[in-house]
Amino acid sequence: MDQLHGAAKGQMAAARSFFVTRARAGAATARRALQVNSTWRRRVFEIIEIGHGDSRASRVFDTAIVILILLNIAAFVAETVPSLSAAYGTTFTAFEIFSVAIFTIEYALRIWTAVEVPFLRHLPPAKARLTFALRPALLIDLAAILPFYLGTLLSIDLRVLRALRLLRFFKLSRYSPAMHTLLRVLINEQRALIGAGLLLMTVVLFASTGIYYIEGSAQPDKFGSVPDSAWWAIATLTTVGYGDVAPVTPIGKAFGSIVMVTGLCILALPVAIISAGFAQELGRRDFVVTWSLMSRIPLLAELDADAVQKIMPLLHAHNLPPNVEVLGGDTAGHAIYFVAWGHVGRRTASGEDKVYAKGDFFGVVAMLEHDYTQGSFVTKSKCRLLKLHREDFHRLELASPEIGRLLRRKAQERRDAALREAAAT
């Protein structure tokens, strides 16, 4: 009996060891699969989000997407020509299906790689992807493909769906600094533009009411009510003057002249607001500042999504060629510089002593201490620099104290390190 009992215990131990070994092997295999999946996801993220022309793969991807967007716009225009639509209708349909498939894959890849965005890594994967999907750029991507699927599932007028395909044009804003700048100008100047729009509506109302009382009795078929008169008021204020409706009385003509001059002044307001904002933004940015670009800088990558939204509009972005002096020697510090790409060298009287690469920053100690820079900073290669002026930093510090504390702590660490190096020498 003892021998049988011992044999049974031995078999149980062997079975337990076998299953433990298999479980460990399965866990190791799962870990390797997760690592491979994470590696692939990171690489895809670098190509479609971080790259923006810095690697061959990202250049090929960006160029292919831009060409496909432009071909979609051309196909939409060509499809409205009856002769082309009749001759190449099947080709247009096949190209539409192909384009939607590519855009759908692109959208799915962006959602899949959202967990690689540094500002979202602290969130659960599902919440990180949802937060990323609600960004304006991703909403545009969704709007570019959603009409096709709605038309397939629901009975919607195809003409409306074809018109919605023009939303794909806004996908270019991700790759075009000019479009991105224009959208940012409209956002930044929205209060002034709303004010100008309200002023225009007020003038339209007064012009419509005035011409109604002046010309209503002379031309009741054209100025019989304020809404009827509004067409003339809008056409006159915009100085279009179609001529289909015009005052005939002397007082009406005089009033129309005043409305024309007033229209020139009123319409100049939004034009001036947009042009001034556009010129200012062009001076601030040579390229588009995105979440992915900011994620290259470890200091900024420590921020959360809300903090990034606050600091992003304040950053000036500049492309600089090699051998350009960014900061002169012994000049007053006025900004923090973040190296998004390239190399910047610091030169002192004793020679070049440090090189700042992608992710580094400089100028923070001199800016916060109102001190002078220690040496001059010169680009060693083509560089992309993000610049945060002192005034913008103080505004940011008031709106988000945690960002200010982070930058000040980094400045203190830099200062302490410099003092230790000086003491050692």
Side-chain angles (χ1 to χ4, degrees), residues 48 59-111 133 135-183 185-186 193 197 200-201 204 221-222 227-246 263 267 270-271 274 278 288:
I48 67 176
R59 286 195 296 270
V60 171
F61 176 82
D62 293 348
T63 303
I65 292 297
V66 170
I67 291 175
L68 186 60
I69 294 170
L70 295 177
L71 288 176
N72 267 262
I73 302 303
F76 166 77
V77 175
E79 199 173 356
T80 60
V81 179
S83 58
L84 294 178
S85 179
Y88 303 102
T90 304
T91 303
F92 287 138
T93 302
F95 179 69
E96 170 69 5
I97 295 173
F98 170 77
S99 300
V100 170
I102 296 298
F103 289 144
T104 302
I105 294 173
E106 178 205 6
Y107 179 77
L109 290 176
R110 293 188 188 279
I111 297 297
R135 293 182 60 231
L138 270 295
L139 292 176
I140 291 175
D141 290 341
L142 180 61
I145 60 176
L146 196 59
F148 176 85
Y149 295 108
L150 290 178
T152 304
L153 299 175
L154 305 174
S155 57
I156 303 177
D157 189 353
L158 294 179
R159 292 174 297 178
V160 176
L161 295 179
R162 292 193 185 101
L164 291 176
R165 284 162 52 187
L166 284 176
L167 293 173
R168 295 172 190 173
F169 182 78
F170 292 104
K171 287 171 65 68
L172 290 175
S173 62
R174 178 182 279 112
Y175 308 98
S176 171
M179 287 187 63
H180 191 274
T181 298
L182 180 58
L183 292 175
V185 168
L186 295 177
L193 291 173
L200 179 61
M201 290 175 59
V204 168
D221 57 327
K222 297 178 180 178
D228 291 339
S229 303
W231 166 250
W232 172 88
I234 294 173
T236 305
L237 281 170
T238 55
T239 66
V240 175
Y242 284 108
D244 56 337
V245 180
L267 291 179
V271 174
I274 294 174
F278 195 78
V288 177

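Both backbone and side-chain heavy atoms feed into the values below; hydrogens, waters and symmetry mates do not.
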Colleague: What do you reckon, is CZ of Phe95 surrounded by more than 12 foreign heavy atoms closer than 6.0 Å?
Modeller: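 Atom CZ in Phe95 is packed in, count exceeds 12.
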
Colleague: What distance separates Ile65 CD1 from Ile48 CD1, expressed to the nearest 0.5 Å?
Modeller: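 Rounded to the nearest 0.5 Å, the CD1-CD1 separation comes to 9.5 Å.
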
Colleague: Working to the nearest 0.5 Å, report the span between OG1 of Thr104 and CG of Leu142.
Modeller: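 Rounded to the nearest 0.5 Å, the OG1-CG separation comes out at 9.5 Å.
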
Colleague: What distance do Leu200 atom CG and Thr238 atom OG1 have between them, rounded to the nearest 0.5 Å?
Modeller: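 Interatomic distance, Leu200 CG to Thr238 OG1, rounded to 0.5 Å: 9.0 Å.
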
Colleague: Heavy-atom count check: over 12 atoms from other residues, nucleotides or ligands less than 6.0 Å from Phe170 CZ?
Modeller: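 No, the 6.0 Å shell around CZ holds no more than 12 heavy atoms from other groups.
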
Colleague: Within the 4.5 Å heavy-atom criterion, are Leu193 and Ile274 side-chain neighbours or not?
Modeller: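 Sidechains of Ile274 and Leu193: in contact.
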
Colleague: Please report, to 0.1 Å, the donor-acceptor pairs under 3.5 Å made by any side chain of residues 83-93, with sequence neighbours excluded.
Modeller:
{"from": "Thr93", "atom 1": "OG1", "to": "Gly89", "atom 2": "O", "distance (Å)": "3.0"}

Colleague: Looking at Leu172 and Leu70, what are the two nearest heavy atoms and their distance?
Modeller: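 Result for this residue pair: CD1-CD2, 3.9 Å.
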
Colleague: Could you list all the salt bridge (charged side-chain N to carboxylate O under 4.0 Å, His left out) pairs where at least one residue sits in residues 66-77, not counting sequence neighbours?
Modeller: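 Checked against salt bridge (charged side-chain N to carboxylate O under 4.0 Å, His left out) - neighbours excluded - no pair reaches residues 66-77.
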
Colleague: Judged by atom type as modelled, is there a donor-acceptor pair below 3.5 Å linking the side chain of Thr63 to the main-chain atoms of Val60?
Modeller: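 Not confirmed, Thr63 side chain does not pair with Val60 backbone.
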
Colleague: Less than 4.5 Å apart, any side-chain heavy atom of Phe76 and any of Glu79?
Modeller: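 A side-chain contact is absent here, since even the closest heavy-atom pair is not under 4.5 Å.
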
Colleague: In this structure, are over 12 heavy atoms from other groups packed under 6.0 Å from Phe98 atom CZ?
Modeller: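 No, because the 6.0 Å sphere around CZ of Phe98 holds 12 heavy atoms or fewer from other groups.
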
Colleague: Let's go through Asp228 and Lys222 carefully: what are the C-alpha distance in whole Å and the side-chain angles of both, what is the deciding distance for salt bridge (Lys or Arg N to Asp or Glu O under 4.0 Å) to 0.1 Å, and is it a yes or a no?
Modeller: CA-CA 6 Å; Asp228 291 339; Lys222 297 178 180 178; over 6 Å; no

Colleague: Please name the pair of heavy atoms, one in Ile111 and one in Ala133, separated by the smallest distance, quoted to 0.1 Å.
Modeller: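 So the two residues come closest at CD1-CB, 3.6 Å.
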
Colleague: Kindly compute the distance separating CD (Glu96) from CZ (Phe148), expressed to the nearest 0.5 Å.
Modeller: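 The distance works out to 6.0 Å.
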
Colleague: Taking all non-hydrogen atoms of both residues, which atom of Lys171 and which atom of Ile69 are closest, and how far apart?
Modeller: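 The pair with the smallest heavy-atom distance is CB-CD1, 3.5 Å.
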
Colleague: Which value, rounded to the nearest 0.5 Å, describes the distance between Arg110 atom CZ and Arg135 atom CZ?
Modeller: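 It is 9.5 Å, given to the nearest 0.5 Å.
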
Colleague: So, taking the atom named CG in Asn72 and the one named CZ in Arg168, what distance separates them when rounded to the nearest 0.5 Å?
Modeller: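 Reported to 0.5 Å precision, the distance equals 4.5 Å.
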
